[in-house]
There are 2 protein chains.
Amino acid sequence: MRIGKVAERAGVSVRALRYYEEQGLVIADRSPSGHRRYPESAVERVKFIQLLYAAGLTSKAILQILPFLDTLVATSQMTRRLTDERARIRVKIDALTRAHDRLEELIRLAAEYENSPATCSASADVAASHTSPPRH
Amino acid sequence: MRIGKVAERAGVSVRALRYYEEQGLVIADRSPSGHRRYPESAVERVKFIQLLYAAGLTSKAILQILPFLDTLVATSQMTRRLTDERARIRVKIDALTRAHDRLEELIRLAAEYENSPATCSASADVAASHTSPPRH
DNA sequence: CTTGATCCTCACGTTGACGTGAGGATCTAG
DNA sequence: CTAGATCCTCACGTCAACGTGAGGATCAAG
């Protein structure tokens with residue numbers, strides 16, 4: 001498959017695919033004229049790479065993990081990498097969840113304000129609290 | 001309070017605080033000699049800013065939201081900003097969760113391999129699947 | 001009064017995952 | 001066989017949230 005088709009089917013840019021090759025994430029052989037040729041499996045591989053990028057992994061970290069997809073051989077080091085990244089993702093999910101909940105709290109306040117703009121100033125302390133439960 | 005103390009208590013660098021001021025996120029008045037003076041409330045404010053940064057918001061986006069913390073006046077535009085950012089965070093949580101689950105799947109495979117390296121090649125298709133459930 | 005800690009303002013450096021032409025070769029449909 | 005689509009390789013640009021000195025003023029304690 002040519003690079004444009006892979007890009008389209010995987011939902012990334014052509015430039016991104018060249019970058020992935022540069023980083024060693026995807027290997028493409030070449031046609032006699034030098035054009036990249038990808039196997040069908042490249043599409044799923046790129047989607048997986050995108051998944052990890054979206055989770056905040058760096059290309060170096062992805063490069064450490066990809067061999068497992070190819071060989072399914074799990075050294076203890078590979079297992080540790082996988083669990084380490086999973087842990088990192090968990091931490092991020094927790095941080096995002098805290099931010100989400102905090103925004104939700106503010107949105108509730110905003111809704112209260114819309115219902116009765118004049119009588120909401122008593123809730124001002126809630127906006128300043130960070131983790132503590134309501135202390136009225 | 002001086003900048004060093006705020007940095008320490010909020011868990012950020014002095015440079016970060018200067019940057020926040022540059023972005024209009026935190027206002028500090030100055031001593032006659034030009035040193036920044038922060039109110040106590042600055043610590044919580046900076047922690048809130050950090051929370052939003054950690055959730056992937058840009059300083060511009062945070063700048064749009066901060067006035068609500070100060071005034072607790074919710075225009076319809078403000079409410080929309082809050083809900084928009086909450087939605088964006090949700091999307092990120094979902095993406096992270098997908099990556100997390102995928103890694104978990106791989107970790108299970110790795111564990112299987114460790115238990116019986118020779119008999120696991122039959123699971124090779126699992127590593128290539130993306131969203132589909134086990135189809136044995 | 002002095003000294004070490006803390007603060008100030010420029011202003012350039014860093015990092016990662018690409019974007020964006022420049023300039024040119026190759027492919028493919030009609 | 002020709003033209004438009006697609007591809008190639010450099011190689012510099014981007015953006016955001018700071019890091020990192022340089023060079024100098026200010027503060028707090030003894």
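Note: hydrogens, waters and symmetry copies are ignored here, and every other heavy atom, side chains too, is used. A note on names: the letters A, B, ... follow the listed sequences, proteins ahead of strands, and every chain is numbered from 1. Remember, predicted model here, so these are calculated numbers, not experimental data.
Between the CD atom of E21(A) and the C1' atom of dA17(C) there is a distance of 16 Å, rounded to whole Å. A straight line from CZ of R2(B) to C1' of dC7(C) spans 6 Å, rounded to a whole angstrom. Between M1(A) atom CE and dC7(D) atom P there is a gap of 12 Å when expressed in whole angstrom units. Here the P atom of nucleotide dC18(C) and the CG atom of L52(A) are 12 Å apart, to the nearest Å. Atom CG in L51(A) sits about 15 Å away from atom P in dA17(C), given to the nearest Å.
Counting heavy atoms from C-beta outward, R98(B) and L51(A) have side chains that approach closer than 4.5 Å. Contact annotation: the side chain of I65(A) approaches that of L57(A) to within less than 4.5 Å [non-hydrogen atoms, C-beta and beyond]. Between I49(A) and L66(A), the closest side-chain pair of non-hydrogen atoms falls below 4.5 Å.
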Reading nucleotides 10-20 of chain D from 5' to 3' and marking B where a protein heavy atom lies under 4.0 Å of the base, S where only the sugar-phosphate is that close, and - otherwise, the string is -B-----BBBB
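Within residues 29-38 of chain B, the residues having any heavy atom under 4.0 Å from DNA chain C are, by residue number, R30(B), G34(B), H35(B), R36(B).
Within a 6.0 Å sphere centred on CZ of R37(B), heavy atoms belonging to other residues, nucleotides or ligands number more than 12.
With hydrogens and angles disregarded, a donor-acceptor distance shorter than 3.5 Å links the side chain of R45(A) to the backbone of L25(A).
The pair R102(A)-E105(A) counts as a salt bridge, with a side-chain nitrogen and a carboxylate oxygen less than 4.0 angstrom apart. At a threshold of 4.0 Å, the pair R88(B)-E85(B) counts as salt-bridged, since one of the basic side-chain nitrogens sits closer than that to a carboxylate oxygen.
Of the inter-residue distances, the one linking T79(B) atom OG1 with L109(A) atom CG reads 10.5 Å to the nearest 0.5 angstrom. The distance from the OG1 atom of T83(A) to the CE atom of M78(A) is 11.5 Å, given to the nearest 0.5 Å. A distance of 11.0 Å separates CD1 in I89(B) from CG in D84(B), rounded to the nearest 0.5 Å. Here CZ of F48(A) is found 8.0 Å from CD1 of I62(A). Values are rounded to the nearest 0.5 Å.
Annotation: the terminal axes of the helix from dC1(C)-dG30(D) to dG30(C)-dC1(D) meet at 20°, where each axis is the rotation carrying the C1' atoms of four end pairs onto the next four (5 pairs per end, rounded to 10°).
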